There are 2 protein chains.
Amino acid sequence: MNLSLAEENYLKSIFQLLDNSKERINTNSIAEKLQISAATVTDMIRKLSDKKLLNYQKYYGVHLTAAGKKMAISIIRRHRLWELFLVEKLGFKWGEVHEIAEQLEHVKSDLLVERLYNFLGRPECDPHGDPIPDESGNFPLQRAIPLSDTKVNIRLQIAGVNYHETDFLDYLDERGLLPGKKIKVNEITQFDRSMDIQMTGQKKTIHISHEVASKILVEASA
Amino acid sequence: MNLSLAEENYLKSIFQLLDNSKERINTNSIAEKLQISAATVTDMIRKLSDKKLLNYQKYYGVHLTAAGKKMAISIIRRHRLWELFLVEKLGFKWGEVHEIAEQLEHVKSDLLVERLYNFLGRPECDPHGDPIPDESGNFPLQRAIPLSDTKVNIRLQIAGVNYHETDFLDYLDERGLLPGKKIKVNEITQFDRSMDIQMTGQKKTIHISHEVASKILVEASA
DNA sequence: AGATAAATTTAGATTAGCCTAAAAATATTT
DNA sequence: AAATATTTTTAGGCTAATCTAAATTTATCT
Ligand SMILES: [Mn+2]
Ligand SMILES: [Mn+2]
Ligand SMILES: [Mn+2]
Ligand SMILES: [Mn+2]
């Protein structure tokens, strides 16, 4: 099945909106995510339905078929591999890569993807800590939790973020709060749930709001 | 100026057809190169003419403006950098990369191109020996000549090819006749101008036709 | 020079992917 | 249960990039 750029973007967006939990999503949510009109979405989901990539029930939204899901995961895989390539190999910052990966993800060549995957060392996560599915479409287990859900004095490692706006990524960049970095929460202010955190081997503490902490993902560190 | 994929392909093809020598090229040659109808070409060159990327005189063909030439060179630069990336970094064979580079060349990001260029060591040639223009659009000097134009017993180095069909590249691949390899012509058969060549440090000689020799580019070797 | 051939343009369609406005269906509120 | 609001679909249109067939222009041949 050879899909157009537009079709691929719809599938990817629908997959992300379903979010492994919702049974079906509605026309308007797709329209909003892709910043196009609802009328256009109706046309396209009808087309994708004809191609058996999703199930569409008039007035009641869509969900992906197995084939549609497979395609969506493949596009996400490509996106994340390219993002990692841009950061790891070309020295881009993590806030700079999304737009470029939006283009690169549509390059059609299975061989290319597999070679890129190996070139990058068969990675499990992209620069933002998002999981990269393997060749078969299986996602690696994610055991990261929001920093805001942890307690003080536990050794943690930054795994990624669950919010991808460039401003936020730049904010973390400036403070050195990047994936792989080891940190510890020194104190949590009960009042506003803001926290003082400290990076392993550094004296200085960093104070971040609950809002920020809730967008940083961490896992237990050895 | 943000060009569509189609517009970029027209500019690249027109640049290649003009070949640094022709004053102007005609509608049919573009149609044939891009495998589309002449009527479609007329429409598109009118559009590119409106955008001041080429000069078009009805019934008398086109030639590129400075702006059009600059764009064309930029696309060729991207194409060749990606081809080199695929061969050097991802281990593709030189016959496998063209189609993928046809897609990658249209990814829009100047920063990406410059980072890729540096990642590859600011190269002067793509995997087929074709010159890669620098940031300003200047092509490195090419001093390679067809193998068929050389004499016997001169130390030569393979620089590239001037024919890019996969079958031909595979033929050279099988015989180890790749860019960088040092060779010497042992004997030229007057009758059909076929030649016996030998790779430096190897006993075995390889016999190739004039046709093949005319498609291999070589330069003097130290 | 006139006839014929070839190349080019014009005219009229088509498809994908988008739009707005109006109509229809569903959901929510009173 | 009506009325109202929201969501979705339908209808009709637009642009980019393509096509075929017909008309026109230029080039070549006798
Ligand atoms: Mn991204
Ligand atoms: Mn995309
Ligand atoms: Mn190529
Ligand atoms: Mn191309």
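Every heavy atom of this structure was used, including side-chain atoms; hydrogens, water molecules and symmetry mates were not. These figures come from a predicted structure and were not determined experimentally. Chain naming here is simple, since letters A, B, ... match the order of the sequence lines and numbering starts at 1 in each.
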Measure from the side chain of B/Tyr59, starting at C-beta and using heavy atoms only, and say which of D/dT24, D/dT8, C/dC18 lies closest. D/dT24

Using a 4.0 Å heavy-atom cut-off, does A/Ala38 contact any base of the nucleic acid, only the sugar-phosphate backbone, or nothing at all? base

Answer yes or no: does a side-chain N or O of B/Lys58 lie under 4.0 Å from OP1 or OP2 of C/dT10? yes

Whole Å only: how far is the CD atom of B/Glu7 from the C1' atom of D/dA16? 9 Å

Quick one: do the B/His63 and B/Glu23 side chains pair a donor with an acceptor below 3.5 Å? no

side-chain N/O B/Tyr56 vs C/dT9 OP1/OP2, d < 4.0 Å: yes

Closest-nucleotide ordering on DNA chain C, the 5'-leading residue of A/Ala39 and A/Met44: A/Met44

Establish, for the pair A/Arg24 and A/Tyr60, whether the NZ or CZ atom is under 6.0 angstrom from the six-membered ring centre and no further than 45 degrees off its axis. no

Among D/dT7, C/dA27, D/dT18, which nucleotide sits nearest the side chain of A/Asn28? D/dT7

Side-chain H-bond candidate by donor/acceptor type, B/Thr40 with B/Asp43, under 3.5 Å: no

Would you kindly give the CZ-to-P distance between A/Arg24 and D/dT7, to the nearest whole Å? 17 Å

If you compare every side-chain N and O of B/Ser37 against the phosphate oxygens of D/dC19 (OP1, OP2), does one of them come in below 4.0 Å? yes

Rounded to whole Å, how long is the line connecting atom CD1 of A/Ile45 with atom P of D/dT10? 10 Å

Specify the separation, in whole Å, of atom CG of A/Asp43 and atom P of D/dT8. 15 Å

Under 4.0 angstrom between A/Asn26 side-chain N/O and D/dT8 OP1 or OP2: yes

Assess, by modelled atom type and distance only, whether the side chains of B/Arg46 and B/Thr42 contain a donor and an acceptor separated by less than 3.5 Å. no

Is any side-chain nitrogen or oxygen of A/Arg46 closer than 4.0 Å to OP1 or OP2 of D/dT9? no

Is there a side-chain polar atom (N or O) of B/Thr27 under 4.0 Å from OP1 or OP2 of C/dT9? yes

Mind calculating the distance between CD (B/Gln57) and C1' (D/dT26) to the nearest angstrom? 12 Å

Within 45° of the axis and under 6.0 Å from the centre of the six-membered ring of B/Phe15, does NZ or CZ of B/Lys69 qualify? no

Can you tell me how far C1' of D/dT8 sits from CD1 of A/Ile25, to the nearest Å? 14 Å

Between CD of B/Gln35 and P of D/dC19 the distance, given in whole Å, is 10 Å

Atom NE2 of B/His106 to atom P of D/dA16: distance rounded to whole Å? 18 Å

A/Thr42 side-chain N/O to D/dT9 phosphate OP1/OP2 under 4.0 Å: yes

